[in-house]
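All remarks here apply to the structure that follows.
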Amino acid sequence: MQRMATDDARAGEHQLSIVDSDGCSGPLSGPLNKRARFNLPEAAPARDDQMYVEITLDVREDSMGVHSVKAARDGECEDPEVTLLKKKKTLEKKASFGSTAIKSASSRIRQVSHELRRLASMTKKPSPGLMDRSRSAAAHALLGLKFISKTDGSAGWPAIEKKFDELAVDGALHRALFGQCIGMKESKEFAGELFDGLARKRNIIGNSITKSELREFWDQISDPSFDSRLQTFFDMVDKNADGRINEEEVKEIILVSASANKLSKIQEQAEEYARLIMEELDPNNLGYVEIYNLETLLLQAPNQTARGGTGNSRNLSHMLSQKLKPTLEPNPMKRYYQRGRYFMEDNWKRAWVLALWLFICFALFTWKFIQYRRRAVYHIMGYCVCTAKGAAETLKFNMALILLPVCRNTITWLRNKTKLSFIVPFDDNLNFHKVIAAGIAVGVAVHGIVHLTCDFPRLLHASDQEYIPMKPYFGETRPDNFWWFVKGTEGWTGIIMVILMFIAFTLAMPWFRRGRLNLPGPFRRLTGFNAFWYSHHLFVIVYVLLFVHGFFLYLTHKWYKKTTWMYLSVPVILYGSERLIRALRSSVRPVRILKVAVYSGNVLALHVSKPHGFKYRSGQYIFVNCAAVSPFEWHPFSITSAPQDDYLSVHIRTLGDWTRQLRAVFSEVCQPPTGGKSGLLRADYDHRANSPCPNFPRVLIDGPYGAPAQDYEKYEVVLLVGLGIGATPFISILKDIVNNMKLLDSEHTNTSTTNHRGSRSFKTRRAYFYWVTREQGSFDWFKGVMNEVAEADKKGAIELHNYCTSVYEEGDARSALIAMLQSLNHAKHGVDIVSGTRVKSHFARPDWRHVYKRIALAHRDQRIGVFYCGAAGLTKELHQLALDFSRKTSTKFDFHKENF
């Protein structure tokens, strides 16, 4: 038996010895790996033959806790699982550079020795009863058996009682309503099994309980003690109440747990997983397990921590949390100044662009206003005509400018080939497009309303003498009504333009474009992306009419003073050239479909041949056209293949009418997969094997185009967050990082440089990838990529975190068995039961503040690139956290987002 004595084993003081677990006759379970013996001093009164206290410690990287204390005779080594003692204190000490493992262990032992002496002096004969373990080394297991969100049963009972009064019939609550009553409305099946287990324990027959019986149920499931929760869970599984659990009962509870967490694949493999649990807990093949076997499984340490860790103590993390708590500046001037400074730091690119745009609009309005203020028409129409013409001038400028943010080839070239991205927010091109559209709406409203309500009426009511200067512009005879203005070229072109703009603007609103409005049958076609896409092309007519409207002017006859064509010519030619390039490029560079796979979650994966000379960066996107669905529509999708791959791939989720039709078209040529291939439906074409080519629809692609995610290369450390199908750009990035890491290693070995863009320009060395999805089937989309990255990342440069939000959070009893299965299967087979990959999945949603905190602690004085792709709902939280941590810590987070 190996022993290690402390340095302060002086006369009259206690001695502490550490005993390796392998020196005991019985194995230790769970995380416990050291056993300590404390020798009582001779001065202390002896109790019977007790001379030693055996203390089992839970030793971790930065902490040491008391697991159990018991009396022991010299030379004895008993099983420490008989009793557990409440952990009294966690002692942390930040590891210093150059310290050895022995010094660290000695330091921890010295720190805890005083507490151990006090505990030993208080120790009495061990009681056969179980002790309070709510804060012992089994605390993590306790968190995994929480049946309700609040553990204070007495505080929660009034709400449960109120629910009982609402749901009970004739003073009795039916089993079907039990889940709704205790807050498990969405897990009725699991709540039913819990009801049955509690009823069996009390010999309650029937499917209804009274209020007093419900109170007993509630007291038990809200009991915070570990033993009570363990017993409740065991009773729920033990269907025949014989104190033993057989394989069939385990299978049934697996089915219930999987159903509650919407894990259909686990339901399909319930029999296999039940056998796995029995093999682990019943090594002697008795055919059953008892409660202490289940306890052993629960006491195993959780293994959900991320690979790598930060190496920082909890104290430092706590200090950082305190520092991040918002404090209100008492001085209002300083408070406003601080807010303004923070705002400018975060938005200075947007601010100067908007300021320049507003200045140009104001300058044009003022110039035209002053110009007409000095003309004769002012004496009849007054400031009305000045205002209308000023608004018209800004309108011409904005109608020209609005085309530039959607010239994607030009923007991609500028962000890739120039340094303008340092001062111009190219990622906000569509937002700027919308801002300009708002400016156009204001210009149209001011121009039209002032004409109709102010200057035209003043002209109609002018006297013959006042009208004389207007004859060169409006004719010898003064107009006598509004119809004169409407029937003229200037009038009808203006009215049609306003109508078409109103239609396009309305159908571009999120309520229509995303189909959020539930309109009656005939009007449903007005919602969705198709309505938005086609209505936006009405602007072709608008621009033609605008040229005409700008040529036939009442008050300007000289051609060089008609400036509309001057504003519009260059932007219209540029935009028209881009559309022409798209048509020519897609037809000149045809692609061949190599593979099609239809996955659960309504996702279609397309693999096509890479056109000759097609170069792109990870994070960029392409436009896809399928004539079988619509010969005119082009839709953007992120590229999921890496630049080094010899093919192009996109993953398309069915979110609208076009994608729904595309999935249907390709599903017709697909068949159920064979040979272990992925997907619900699949079709492959291997030209090298001379296999028959399926009758695939013709697909055209155009691109690539720049996107925010492509800037990940600028950062040494990146945080990639994908929500659902928003993981697509990051799949390409992960593959690209792995490929470049391999190339860097080969360069160090062979000093060769063969990368397509030179690996020495590749800056990224660390990546954190968080993929949050609602459905278990979503993990099939990129299962191969996840396994490939996990296999190839030998240096641990990439942290992969999969989150399945359909599974209840760790700590909920409904996911307790899933967590046990996950740990067992991953330890035995290296495969996660939720994702089906080597990457172990997490449950529920991530704690984003903790994610930022961990990265900030691991990468001090560094700049982190944060890239998010997904629904807009999470954007605000991630952006705000990036701002908070950038302001309060030495780590700076640059936030980039891409919403769909």
Next item on the list: Apply the test side chain to side chain donor-acceptor pair (under 3.5 Å) to residues Asp657 and Gln661: give CA-CA distance (whole Å), side-chain angles for both, the deciding distance (0.1 Å), then the verdict.
Entry: CA-CA 6 Å; Asp657 37 18; Gln661 294 176 44; 5.7 Å; no
Do [X] and [Y] touch side chain to side chain, with heavy atoms closer than 4.5 Å?
{"X": "Thr773", "Y": "Tyr803", "result": "no"}
{"X": "His607", "Y": "Leu648", "result": "no"}
{"X": "Tyr543", "Y": "Leu403", "result": "yes"}
{"X": "Lys396", "Y": "Met566", "result": "no"}
{"X": "Tyr852", "Y": "Ile864", "result": "no"}
{"X": "Leu723", "Y": "Cys869", "result": "no"}
{"X": "Asn416", "Y": "Gln620", "result": "yes"}
{"X": "Leu743", "Y": "Gln644", "result": "no"}

Checklist line | Candidate pair Leu507 and Tyr534, rule side-chain contact (heavy atoms from CB on, under 4.5 Å), full reasoning | finding: CA-CA 10 Å; Leu507 297 184; Tyr534 284 111; over 6 Å; no
Using 30° and 60° as the class limits, which term best fits the ring planes of [X] and [Y]: parallel, tilted or perpendicular?
{"X": "Tyr768", "Y": "His859", "result": "perpendicular"}
{"X": "His896", "Y": "Phe867", "result": "parallel"}
{"X": "Phe623", "Y": "Tyr705", "result": "perpendicular"}

Quick check for you: to the nearest 0.5 Å, what is the distance between [X] atom [atom1] and [Y] atom [atom2]?
{"X": "Phe893", "Y": "Arg887", "atom1": "CZ", "atom2": "CZ", "answer": "13.5 Å"}
{"X": "Ile411", "Y": "Leu420", "atom1": "CD1", "atom2": "CG", "answer": "11.5 Å"}
{"X": "Ile622", "Y": "Ile639", "atom1": "CD1", "atom2": "CD1", "answer": "5.0 Å"}
{"X": "Ser641", "Y": "His651", "atom1": "OG", "atom2": "NE2", "answer": "10.0 Å"}
{"X": "Leu364", "Y": "Leu395", "atom1": "CG", "atom2": "CG", "answer": "11.5 Å"}
{"X": "Leu594", "Y": "Tyr647", "atom1": "CG", "atom2": "OH", "answer": "9.5 Å"}

Check: Should the heavy atoms of other residues, nucleotides or ligands under 6.0 Å from CZ of Arg341 be counted, would the total exceed 12?
Finding: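 Result for CZ/Arg341: enclosed.
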Next item on the list: Tell me, yes or no, whether the heavy-atom count around Trp511 atom CH2, taken from other residues, nucleotides or ligands under 6.0 Å, exceeds 12.
Entry: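 No, because the 6.0 Å sphere around CH2 of Trp511 holds 12 heavy atoms or fewer from other groups.
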Next item on the list: Could you tell me whether the side chains of Glu898 and Tyr621 share a donor-acceptor contact shorter than 3.5 Å?
Entry: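 There is no such pair (donor and acceptor under 3.5 Å, judged by atom type) between the side chains of Glu898 and Tyr621.
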Next item on the list: Mind running ring pair (Phe, Tyr, Trp, His ring centres under 6.0 Å) on Trp848 and Tyr770 for me, showing each step along the way?
Entry: CA-CA 10 Å; Trp848 294 114; Tyr770 285 80; 5.8 Å; yes
Looking only at heavy atoms, what is the nearest atom pair of [X] and [Y], with distance?
{"X": "Phe512", "Y": "Thr506", "answer": "CD1-O, 3.3 Å"}
{"X": "Ser835", "Y": "Thr837", "answer": "OG-OG1, 2.8 Å"}
{"X": "Ala437", "Y": "Phe505", "answer": "O-CE2, 3.7 Å"}
{"X": "Ala709", "Y": "Gly619", "answer": "CB-CA, 3.9 Å"}
{"X": "His536", "Y": "Ala508", "answer": "CE1-CB, 3.8 Å"}

Tell me if a side-chain donor or acceptor on [X] pairs with a main-chain N or O of [Y] at a distance below 3.5 Å.
{"X": "Asn625", "Y": "Glu633", "result": "yes"}
{"X": "Arg408", "Y": "Gly706", "result": "no"}
{"X": "Asn429", "Y": "Pro405", "result": "yes"}
{"X": "Ser618", "Y": "Ser732", "result": "yes"}
{"X": "Asp645", "Y": "Ala642", "result": "yes"}
{"X": "Asn739", "Y": "Lys735", "result": "yes"}
{"X": "Lys763", "Y": "Tyr715", "result": "no"}
{"X": "Thr640", "Y": "Thr728", "result": "no"}
{"X": "Glu713", "Y": "Thr764", "result": "no"}
{"X": "Glu578", "Y": "Thr410", "result": "yes"}

Next item on the list: Output, in order, the C-alpha distance, side-chain angles, deciding distance and verdict of side-chain contact (heavy atoms from CB on, under 4.5 Å) for Glu716 and Arg863.
Entry: CA-CA 8 Å; Glu716 290 188 7; Arg863 186 167 291 275; over 6 Å; no
Check: Would Leu734 and Leu720 count as a side-chain contact (heavy atoms from CB on, under 4.5 Å) if you check the C-alpha gap in whole Å, the side-chain angles of each, and the deciding distance to 0.1 Å?
Finding: CA-CA 9 Å; Leu734 291 175; Leu720 311 174; 4.2 Å; yes
Checklist line | Among Leu568, Thr564, Val572, the one residue meeting side chain to side chain contact (heavy atoms under 4.5 Å, CB included) with Met399 | finding: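 One option only clears the test, and that one is Leu568.
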Checklist line | Partner of Leu719 by side chain to side chain contact (heavy atoms under 4.5 Å, CB included), out of Leu878, Asp894, Val866 | finding: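 Of Leu878, Asp894, Val866, side chain to side chain contact (heavy atoms under 4.5 Å, CB included) with Leu719 is met by Val866 alone.
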May I ask you to check whether [Y] and [X] place their ring centres under 6.0 Å from each other?
{"X": "Tyr712", "Y": "Phe730", "value": "no"}
{"X": "His879", "Y": "Tyr868", "value": "no"}
{"X": "Phe782", "Y": "Trp771", "value": "yes"}

Salt-bridge test for [X] and [Y]: reply yes if a basic N is under 4.0 Å from a carboxylate O, no otherwise.
{"X": "Lys897", "Y": "Asp427", "answer": "no"}
{"X": "Lys610", "Y": "Asp646", "answer": "no"}
{"X": "Lys892", "Y": "Asp861", "answer": "no"}
{"X": "Arg849", "Y": "Glu877", "answer": "no"}

Next item on the list: Sort out for me which residue in Lys434, Arg350, Lys349 forms a salt bridge (charged side-chain N to carboxylate O under 4.0 Å, His left out) with Asp428.
Entry: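 With Asp428 as partner, Lys434, Arg350, Lys349 yield a single salt bridge (charged side-chain N to carboxylate O under 4.0 Å, His left out), made by Arg350.
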Next item on the list: Determine, step by step, whether Val603 and Ile652 satisfy the side-chain contact (heavy atoms from CB on, under 4.5 Å) criterion, reporting the C-alpha distance in whole Å, the side-chain angles of both residues, the deciding distance to 0.1 Å, and the verdict.
Entry: CA-CA 5 Å; Val603 168; Ile652 302 170; over 6 Å; no
Next item on the list: Could you give me the CA-CA distance, side-chain angles and deciding distance for Thr875 and Asn899, then say whether side chain to side chain donor-acceptor pair (under 3.5 Å) is met?
Entry: CA-CA 8 Å; Thr875 303; Asn899 297 135; 3.0 Å; yes
Note to self: Between Asp711 and Lys714, is the salt bridge (Lys or Arg N to Asp or Glu O under 4.0 Å) condition met? List the steps.
What the structure shows: CA-CA 6 Å; Asp711 293 332; Lys714 298 178 181 179; 3.7 Å; yes
